[in-house]
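The structure appears right after this line, and notes come after that.
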Amino acid sequence: MAETVIMVTGSTGLVGHGIKLALEEDKKPNEKWIFLSSKDADLRDREATELLFEKYKPTHVVHLAARVGGLFNNMEHNCYFYRVNCQINDVVLDLCKEYKVQKVVSCLSTCIFPDKTTYPIDETMVHNGPPHLSNYGYSFAKRMIDVVNRVYNQQHGCHFTSIIPCNVFGPHDNFKLKEGHVLPGLIHKAYLAERDDQPFVIWGTGKPLRQFIYSVDLGRLIIWVLREYPEIEPIILAVDEEDEISISDAGELVVKAFGYQGEIVHDISKSDGQFKKTASNAKLRKYLPDFKFTPTKQAIEETVDWFKINYETARK
Ligand code: NAP
Ligand code: GDP
């Protein structure tokens, strides 16, 4: 059987580790996985990136690398998020065409959907209207991946596709308070509240709703998309709509996982961001009706345990 060489960009982050953990239970002998970080090359640099394609000759690429941040990081750096992600995507996807990569799976996100929309959101709605102002730059850069996938398919016959995950969390997340997403932020804050006997502070009203997917589940689904998903059109990788929870509920699950019994307060001077971005996973369910997501409570407990054990070295 011919060897498949799968090059994963941005694999030192949250989602990359999710794929590595999922592969531990699902290795195939004909697959060789190459995991890259920014130390291998800055993917904005075409020459340096081309050396990687020359060296590894990938038959498949999972393109995760991106400048990623939570609500507050996006609000401050909209222009930077736009530029850096457009630059990375242009270099990586064009080299995939040049090097005749057979299949590419890139990452969008449910936060890139139109802000004013009907719910649930589905895959046909990516370009229907402007995204939320808070992450305008990141969202438009990400939406362009879908455009790139379609035009490279039309003009060059490339098989480039994309996935649209909801909010992801798990081991190796970015736990920096100002930069990261809500769950790693809440986990870090609960750790400090417990350790320093301080109140646990949830930013905003706690009312916004989110679907959270565990990075290991996302890893399993990305491996399936790479091996089996036949379409160019994106596919939403999200938990079921009934598993959407409020930010306050997420905070409750985090403090329970720590056994924290202190005061819980809301800092309503901080933005709530998008109220919700409820996405339908009907397309995923059509392909994989029996896929079992790890219960959010269990996944949060596992992530909290990981954070406690790896506190010294975690990104924080
Ligand atoms: P992450 O933990 O911040 O990891 C980002 C990865 O990208 C790291 O490996 C980083 O390498 C690499 N990277 C960044 N800039 C680079 C550059 N200029 N050149 C080369 N590598 C670069 O992010 P993540 O959460 O795993 O996100 C992975 C993908 O999932 C992204 O495309 C993101 O848009 C998508 N996604 C994430 C979420 C979420 O909730 N986190 C939700 C939906 C979609 P270094 O570590 O070496 O810097
Ligand atoms: P989003 O899902 O793309 O909006 O990004 P986030 O993962 O950053 O989630 C933002 C939501 O969580 C907003 O409603 C914030 O007010 C709320 N939130 C509560 N505490 C935190 C925190 O510690 N960090 C972050 N990033 N958001 C928080």
Side-chain angles (χ1 to χ4, degrees), residues 8-19 35-45 48-49 52 62-75 81 83-85 87-89 91-92 105-113 115 131-132 134-135 138-139 141-142 145 162-190 192 200-215 218-219 222 236-238 246-248 250-251 254 266-277 279 315:
V8 185
T9 70
S11 67
T12 43
L14 167 67
V15 179
H17 276 95
I19 295 179
F35 290 101
L36 300 177
S37 80
S38 62
K39 292 203 180 75
D40 295 290
D42 182 336
L43 300 175
R44 291 171 295 182
D45 178 340
T49 307
L52 297 176
V62 177
H63 176 38
L64 304 178
R67 189 48 61 198
V68 180
L71 168 65
F72 299 95
N73 201 7
N74 270 280
M75 282 166 65
F81 274 81
R83 281 200 76 217
V84 79
N85 287 316
Q87 288 167 336
I88 290 174
N89 297 337
V91 168
V92 170
V105 179
S106 301
C107 251
L108 314 185
S109 162
T110 52
C111 68
I112 71 157
F113 278 112
D115 181 38
H132 195 264
S134 58
N135 56 13
Y138 174 81
S139 296
K142 285 283 178 185
I145 289 182
S162 63
I163 56 170
I164 312 183
C166 57
N167 287 47
V168 191
F169 71 99
H172 301 274
D173 207 338
N174 183 355
F175 292 88
K176 289 182 189 162
L177 293 180
K178 284 196 181 146
E179 282 185 18
H181 288 97
V182 56
L183 263 175
L186 293 174
I187 290 172
H188 191 177
K189 287 190 287 190
L192 298 176
F200 169 64
V201 186
I202 297 176
W203 293 344
T205 62
K207 289 183 182 153
L209 302 171
R210 296 290 182 269
Q211 286 158 294
F212 291 104
I213 185 168
Y214 192 32
S215 58
L218 182 59
I222 291 175
I236 290 171
L237 302 181
S246 72
I247 299 296
S248 289
V254 168
H266 288 268
D267 178 355
I268 55 163
S269 70
K270 296 264 202 264
S271 169
D272 267 351
Q274 222 166 344
F275 180 68
K276 66 176 185 175
K277 37 191 176 171
R315 257 191 297 172

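Counting starts at 1 for both ligands and their atoms, in listed order. Side-chain atoms are counted along with the backbone in the values below, which use heavy atoms only and exclude waters and symmetry mates.
- Here's the thing with Arg210: one of its N/O atoms is less than 3.5 angstrom from an N/O atom of ligand 2.
- The side-chain heavy atoms of Leu183 and Asn167, taken from C-beta on, include no pair separated by under 4.5 Å.
- Among Arg315, His181, His63, the residue whose heavy atom lies closest to atom 2 (O) of ligand 1 is Arg315.
- Listed by number with element, the atoms of ligand 2 under 4.0 angstrom from any heavy atom of Phe72 are 25 (C), 26 (N), 27 (N).
- Put simply, the side chain of Thr9 gets close to the backbone of Ala65: a donor and an acceptor are under 3.5 Å apart.
- Only the side chain of Asn167 comes within 4.0 Å of ligand 2, judged by heavy-atom distances.
- Residues meeting the ring pair (Phe, Tyr, Trp, His ring centres under 6.0 Å) test with Phe169, sequence neighbours left out: Tyr214.
- When only interatomic distances are considered, the shortest N/O to N/O separation between Pro165 and ligand 1 does not fall below 3.5 Å.
- Under a 4.0 Å criterion applied to the non-hydrogen atoms of Pro208, ligand 2 contributes the atoms 14 (O).
- Taking every heavy atom of Cys166 and a limit of under 4.0 angstrom, the matching atoms of ligand 1 come to 42 (C), 43 (C).
- The Leu108 neighbourhood of ligand 1 comprises atoms 43 (C), 44 (C), with distances under 4.0 Å to a heavy atom of that residue.
- Within ligand 2, the atoms closer than 4.0 Å to a non-hydrogen atom of Gly70 are 8 (O), numbered from 1 in the order shown.
- Ligand 2 lies within reach of Gly180, whose nearest heavy atom is under 4.0 Å from it.
- With sequence neighbours excluded, the residues that form a side chain to side chain contact (heavy atoms under 4.5 Å, CB included) with Lys276 are Tyr119, Leu209, Glu244, Thr278.
- Residue contacts with ligand 2 leave out His188, since none of its heavy atoms falls under 4.0 Å from the ligand.
- Residue contacts with ligand 1 for Tyr138 involve side-chain atoms from C-beta outward but no N, CA, C or O (heavy atoms, distance under 4.0 Å).
- Below 3.5 Å of separation, one finds an N or O of Leu71 facing an N or O of ligand 2.
- Shown in contact with Arg67 at under 4.0 Å from a heavy atom are these atoms of ligand 1, numbered in order with element: 14 (C), 15 (N).
- Taking a cut-off of under 4.0 Å to the non-hydrogen atoms of Val15, the atoms of ligand 1 that pass are 24 (P), 26 (O), 27 (O), 28 (C), 30 (O).
- Contacts between Lys142 and ligand 1, counted as non-hydrogen atom pairs separated by less than 4.0 Å, involve the side chain only.
- Side chain of Asn74 to main chain of Gly69: a donor-acceptor pair is present (N/O by atom type, distance under 3.5 Å, no hydrogens or angles).
- Distances from atom 14 (C) of ligand 1 to the heavy atoms of Ala66, Ala65, Gly10 show the closest one on Ala66.
- The Ser37 neighbourhood of ligand 1 comprises atoms 47 (O), with distances under 4.0 Å to a heavy atom of that residue.
- Residues His188 and Arg315 are not in side-chain contact: their nearest non-hydrogen atoms beyond the backbone lie 4.5 Å or more apart.
- Asn73 contributes no side-chain N or O that, together with a main-chain N or O of Gly70, makes up a donor-acceptor pair within less than 3.5 Å.
- Given atom 11 (O) of ligand 1, the protein heavy atom at minimum distance is Thr12 OG1, 3.4 Å.
- Contact annotation: the side chain of Ser248 approaches that of His266 to within less than 4.5 Å [non-hydrogen atoms, C-beta and beyond].
- Near Leu186, with a cut-off below 4.0 Å to any heavy atom, the atoms of ligand 2 are 20 (N).
- Around the CD1 atom of Ile268, the shell of radius 6.0 Å holds no more than 12 heavy atoms that belong to other residues, nucleotides or ligands.
- Proximity to Ser109 (heavy-atom distance under 4.0 Å) selects the following atoms of ligand 1: 43 (C), 44 (C).
- Ligand 1 has no nitrogen or oxygen under 3.5 angstrom from a nitrogen or oxygen of Asn167.
- Each of the atoms 17 (C), 18 (N), 19 (N) of ligand 1 lies under 4.0 Å from some heavy atom of Asp42.
- Using a 4.5 Å cut-off on side-chain heavy atoms (C-beta onward), Pro131 and Ile112 make no contact.
- Protein heavy atom closest to atom 23 (O) of ligand 2, with residue, atom name and distance, is Lys189 NZ, 2.7 Å.
- From the protein, the heavy atom lying nearest to atom 6 (P) of ligand 2 is Val182 N, 3.7 Å.
- Where the criterion is an N or O separation shorter than 3.5 Å, residue side chain and backbone included, Gln274 fails it with respect to ligand 2.
- The option with the heavy atom closest to atom 13 (C) of ligand 2, from among Asp272, Leu177, Leu209, is Asp272.
- Selection from Cys107, Gly69, Cys111 by nearest heavy atom to atom 30 (O) of ligand 1 gives Cys107.
- Contacts between Leu14 and ligand 1 below 4.0 angstrom, taking non-hydrogen atoms only, involve backbone and side chain alike.
- Looking at atom 16 (O) of ligand 2, its nearest protein heavy atom turns out to be Ser271 O, 2.6 Å.
- Atoms of ligand 1 found under 4.0 Å from any heavy atom of Ala41, numbered from 1 in the order shown, are 19 (N), 20 (C).
- Within the listing of ligand 2, atoms 1 (P), 2 (O), 3 (O) sit less than 4.0 angstrom from a heavy atom of Lys277.
- Checking only distances, Ile202 never comes within under 3.5 Å of ligand 2, N or O to N or O.
- If you check which protein heavy atom lies closest to atom 20 (N) of ligand 2, you get Trp203 N, 3.2 Å.
- Heavy-atom proximity to atom 20 (C) of ligand 1, evaluated over Leu43, Leu218, Asn89, is greatest for Leu43.
- Residue-ligand proximity: Lys270 is placed with every non-hydrogen atom at 4.0 Å or more from ligand 2.
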